[in-house]
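Report on the structure given below.
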Amino acid sequence: MISVVLTQNGGILGPIAKGLGWILNVIFEFLSNFGIENAGLCIIIFTFLVNALMIPLTIKQQKFTKLSSVMNPELQKINKKYAGKKDEASMRKVQLETQAVYEKYGANPTSGCLPLLITFPIMFALYRVIYNIPAYVGSIKSLYENIAIAMQSTNYFGIMSEYAEKFTILKSAKWDEIVNNTGKIEIPHLIDIMGQFKAADWDAVISNTNFSSIADTIQTNADRIMHINNFGFGLNIAESPMGQVLADIPIGVKVAYILIPILAIVTQMLQTKLMMAKQPNQKSGNDTMDATMKSMNTIMPLMSGFFCLSLPVGVGIYWIAGAVFRAIQQIFVNMYMDKIDVDEMIEKNRENARKKKERKGINPDASMAELAKARTSTMGDRAKMNANRLPSDYEKRDVSYKAGSIAANAHLLDRKKREEK
C-alpha cells in the first residue's frame with residue numbers, strides 16, 4: 001500500500017525531503033526558463049546533483065575501507081585469540097586490544113558507519129521526493145490544483161473515492177474525519193489521488209458526465225501534465241512497465257518500458273563491480289558474513305529490477321541515474337585511491353587523533369590500558385565520595401526527596417544509624 005501526503009512528508013525525513021524538494025523545484029523552474037518542461041530530465045539532473053554533494057562522504061568511506069584492509073588481519077587475530085571466551089575479563093581485553101589497534105592506525109571504529117548513517121536518510125528522502133513530485137514542484141502542483149479546485153464545484157466525491165481505493169492510498173485519521181463528517185475531499189488529497197493517474201485514468205475522468213462542465217479545464221491541465229511526464233521514446237514517468245506491457249501500445253514502446261528494469265539491474269551490477277574492484281580480496285573470518293555479503297551484491301540489483309517492473313518509470317529513472325552516476329564516480333574515486341599512500345594516511349590519522357586528545361585534555365601518549373585504569377580509578381573515587389557524602393550534601397543534591405519532607409528526614413536518620421555502626 002502507498003501512503004501519499006501532498007503537504008510533504010513529515011517525521012525524521014521530512015526536513016531532508018523538503019530541502020531536496022527545494023532543489024528539484026529550482027531545477028524544474030530553471031529548465032522552464034528555456035522552454036524545457038520534462039520531469040524525467042529533472043529527475044536525472046536532480047539525482048546527479050544530490051549524489052555529487054555526497055562525494056566527500058563516499059571518499060571518506062573508501063579511505064576507511066582501504067585502511068581496514070591493513071587493520072583486519074590484526075583484528076582477526078584478536079578475535080581468534082579470545083574465541084569462545086565470554087567471561088567479563090576476556091571481553092574487556094578484546095575491547096582494549098581492538099581499540100589499541102584502531103589507535104595504532106589512527107582510525108575511529110565509527111568512521112566506516114558514519115557516512116552510511118548520513119547517506120541512508122538522504123537516499124530515502126530522495127525517493128520520497130521522486131515518488132511525490134507534485135508536493136515539491138510548485139509549477140506541477142498548480143496544474144493538479146487547477147483541476148482539484150474545479151472538481152469541487154461538481155459531484156466528484158464518489159468518483160474520486162473510488163480512485164483512492166483503486167490506488168490503495170492509505171487514509172489518515174484526518175481523511176476519515178473529512179469523509180465521515182463532511183463528505184468532502186480536501187484539495188491536497190485530491191491532488192494525491194490524481195498524482196497516481198495514468199493516461200487511461202485521465203481519459204476516463206474527462207469523458208465522465210459528472211465532469212462535463214469542467215472537461216475543458218481537466219483536458220488543458222491534463223495535457224500539460226502528460227507533456228511534463230513524457231520522458232521520450234513513448235515513456236510516461238507515471239506509468240509502470242508491468243502495466244504498459246499488458247496495455248494496447250506499439251511494441252517499440254513496450255520494449256522501451258521493459259528496458260527500464262533491465263537497465264536498473266545492469267547499471268547497479270556495474271556499480272557494484274567497480275566498487276569491489278579496488279577492495280582487497282580477503283575474508284572477514286566469518287564465513288556466514290562473507291557468503292551473505294556476496295549474495296547481497298547479486299540479489300540487490302535483481303530486487304531493484306523486480307521493483308522497477310511495478311513502480312512508476314520515474315522511480316526506475318532515479319535508480320538508473322543514481323547507479324550510472326555512482327559507477328562513473330567510482331572510476332574516478334578508484335583512480336584517486338590508487339594515488340593515496342596507506343602509510344601517509346595512517347600517519348595523518350594518528351596526528352589528527354593526537355590533536356583531538358590534546359584538545360580534550362587527554363595524554364596522547366597514554367596507552368589504552370592506562371586510560372582504562374584512569375577511568376576505573378576515577379569511578380572508584382567518585383563511589384567513595386558518594387559513600388562519605390554528608391547529610392547537607394545529600395539534601396542539596398538528591399532530587400529523589402523533597403527537602404524537609406518526611407521521606408527525606410527518615411532517609412537521613414537511617415543513614416546516621418548506619419554511620420554510627
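- Heavy-atom minimum distance, F34 versus F30: CD1-O, 3.2 Å.
- Residue K93 holds its NZ atom at 13.0 Å from CD1 of I78, rounded to the nearest 0.5 Å.
- Remark: E162 pairs with no residue by the salt bridge (charged side-chain N to carboxylate O under 4.0 Å, His left out) rule, at least two apart or across chains.
- Checked by atom type and distance alone, the side chain of T98 never pairs as donor or acceptor with a backbone atom of Q95 at under 3.5 Å.
- Under the 4.5 Å side-chain criterion, counting only non-hydrogen atoms from C-beta, R128 is not in contact with F124.
- Note that CD1 of I133 is 4.5 Å distant from CD1 of I237, once rounded to the nearest 0.5 Å.
- A salt bridge (Lys or Arg N to Asp or Glu O under 4.0 Å) check over residues 305-323, counting only residues at least two apart or in different chains, returns nothing.
- The two residues V129 and A17 make their nearest non-hydrogen contact at CG2-O, 3.3 Å.
- For S90 (side chain) and K86 (main-chain N/O), no donor-acceptor pair under 3.5 Å exists by modelled atom type.
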> Hey, mind stepping through N334 and Q330 against side-chain hydrogen bond (donor to acceptor under 3.5 Å, both in side chains) and telling me if it holds?
Replying inline: CA-CA 6 Å; N334 288 345; Q330 196 62 49; 3.0 Å; yes
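- In terms of heavy-atom proximity, G314 sits nearest to I130 at O-CG2, 3.7 Å.
- To the nearest 0.5 Å, atom CG of residue L41 and atom CD1 of residue I317 are 9.5 Å apart.
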> Can you list the steps and then say if S213 with T154 is a side chain to side chain contact (heavy atoms under 4.5 Å, CB included)?
Replying inline: CA-CA 8 Å; S213 61; T154 67; 3.9 Å; yes
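- In terms of modelled atom types and a separation under 3.5 Å, the side chain of S212 and the main chain of T209 share a donor-acceptor contact.
- Applying the side-chain contact (heavy atoms from CB on, under 4.5 Å) rule to M269 yields the partners I265, P301, L302; only residues at least two apart in sequence or on another chain are considered.
- Considering only heavy atoms from C-beta on, Y144 stays 4.5 Å or farther from I187 through its side chain.
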> After noting the C-alpha distance and the side-chain angles of L190 and I147, does the key distance pass the side chain to side chain contact (heavy atoms under 4.5 Å, CB included) rule?
Replying inline: CA-CA 9 Å; L190 284 173; I147 301 173; over 6 Å; no
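- Counting only heavy atoms from C-beta outward, the side chains of R326 and M275 never approach each other to under 4.5 Å.
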>> As a quick check of understanding, evaluate side chain to side chain contact (heavy atoms under 4.5 Å, CB included) for Q268 and M300, giving each step before the final call.
In response: CA-CA 8 Å; Q268 290 190 60; M300 290 305 293; 5.7 Å; no
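- At least one donor-acceptor pair closer than 3.5 Å links the side chain of S240 to the backbone N or O of G243.
- Remark: Q62 CD to S68 OG distance equals 11.0 Å, nearest 0.5 Å.
- Between the side chain of N230 and the backbone N or O of M226 there is no donor-acceptor pair closer than 3.5 Å.
- Here side chain to side chain donor-acceptor pair (under 3.5 Å) pairs that include residues 215-227, with residues two or more places apart or in two chains, are E37-R224, N146-N221, Q219-D223.
- Taking the six-membered ring for Trp and thresholds of 30 and 60 degrees, Y127 and Y131 have ring planes inclined between 30 and 60 degrees apart.
- Contact annotation: the side chain of I228 never approaches that of N38 to less than 4.5 Å [non-hydrogen atoms, C-beta and beyond].
- Annotation: side chain of L75 is in contact with side chain of V101 (closest heavy-atom distance under 4.5 Å).
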Would you list the atom pairs, donor with acceptor, under 3.5 Å between side chains in residues 250-263 and any protein atom, with sequence neighbours excluded?
{"unit_1": "K254", "atom_1": "NZ", "unit_2": "V245", "atom_2": "O", "d": "3.2"}
{"unit_1": "K254", "atom_1": "NZ", "unit_2": "A247", "atom_2": "O", "d": "3.3"}
{"unit_1": "Y257", "atom_1": "OH", "unit_2": "G234", "atom_2": "O", "d": "3.4"}
{"unit_1": "Y257", "atom_1": "OH", "unit_2": "N236", "atom_2": "N", "d": "2.9"}

>> The test is side chain to side chain contact (heavy atoms under 4.5 Å, CB included); show your working for L67 and Y102 and say whether it passes.
In response: CA-CA 10 Å; L67 190 60; Y102 278 102; over 6 Å; no
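- Remark: the backbone N or O of A204 is not paired with any side-chain donor or acceptor of N208 at under 3.5 angstrom.
- In terms of heavy atoms, N229 sits closest to A39 at OD1-CB, 4.2 Å.
- E97 and Y82 share a donor-acceptor pair across their side chains, judged by distance under 3.5 Å alone.
- Put simply, the side chain of V313 reaches to within 4.5 Å of the side chain of P241, judged on heavy atoms.
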>> Evaluate E103 against R350 for salt bridge (Lys or Arg N to Asp or Glu O under 4.0 Å), listing each step before the verdict.
In response: CA-CA 7 Å; E103 186 177 284; R350 285 175 178 170; over 6 Å; no
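- Taking every heavy atom of both residues into account, A264 and C308 meet most closely at CB-SG, 3.9 Å.
- Considering CD of Q61 and CZ of F64, their distance stands at 7.5 Å, rounded to 0.5 Å.
- Listed by first and then second residue, the ring-ring contact (aromatic ring centres under 6.0 Å, His included) pairs involving residues 318-339 are F48-F325 (not counting sequence neighbours).
- Put simply, the side chain of T58 gets close to the backbone of M54: a donor and an acceptor are under 3.5 Å apart.
- Looking only at side-chain heavy atoms (C-beta outward), Q329 and Q271 stay at 4.5 Å or farther from each other.
- A donor-acceptor pair under 3.5 Å links the side-chain atoms of K198 to the main chain of Q196, judged by distance alone.
- What you find for I191 and A148 is that their closest heavy atoms are CG1-CB, 4.2 Å.
- To the nearest 0.5 Å, atom CD1 of residue I140 and atom CD of residue E145 are 13.5 Å apart.
- When atom types are taken as modelled, the side chain of K141 and the backbone of Y136 share no donor-acceptor pair closer than 3.5 angstrom.
- With hydrogens and angles disregarded, no donor-acceptor distance shorter than 3.5 Å links the side chain of N25 to the backbone of G21.
- Looking at residues two or more places apart in sequence or on another chain, you find a salt bridge (charged side-chain N to carboxylate O under 4.0 Å, His left out) between E88 and R92.
- Take S139 and apply the side-chain contact (heavy atoms from CB on, under 4.5 Å) test, not counting sequence neighbours, and it matches F28, E29.
- Residues satisfying the side-chain contact (heavy atoms from CB on, under 4.5 Å) criterion with I331, sequence neighbours excluded, are L274, M335.
- Partners of E239 according to the salt bridge (charged side-chain N to carboxylate O under 4.0 Å, His left out) rule, which considers only residues two or more places apart in sequence or in another chain, do not exist here.
- When the side-chain contact (heavy atoms from CB on, under 4.5 Å) test is applied to K77, no partner is found at least two apart in sequence or on another chain.
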Return a table of donor-acceptor pairs under 3.5 angstrom between the side chains of residues 339-346 and protein atoms on other chains or two or more places apart.
{"unit_1": "D341", "atom_1": "OD2", "unit_2": "D343", "atom_2": "N", "d": "3.0"}
{"unit_1": "D341", "atom_1": "OD2", "unit_2": "E344", "atom_2": "N", "d": "3.0"}

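- Between L31 and C42, some side-chain heavy-atom pair lies under the 4.5 Å cut-off.
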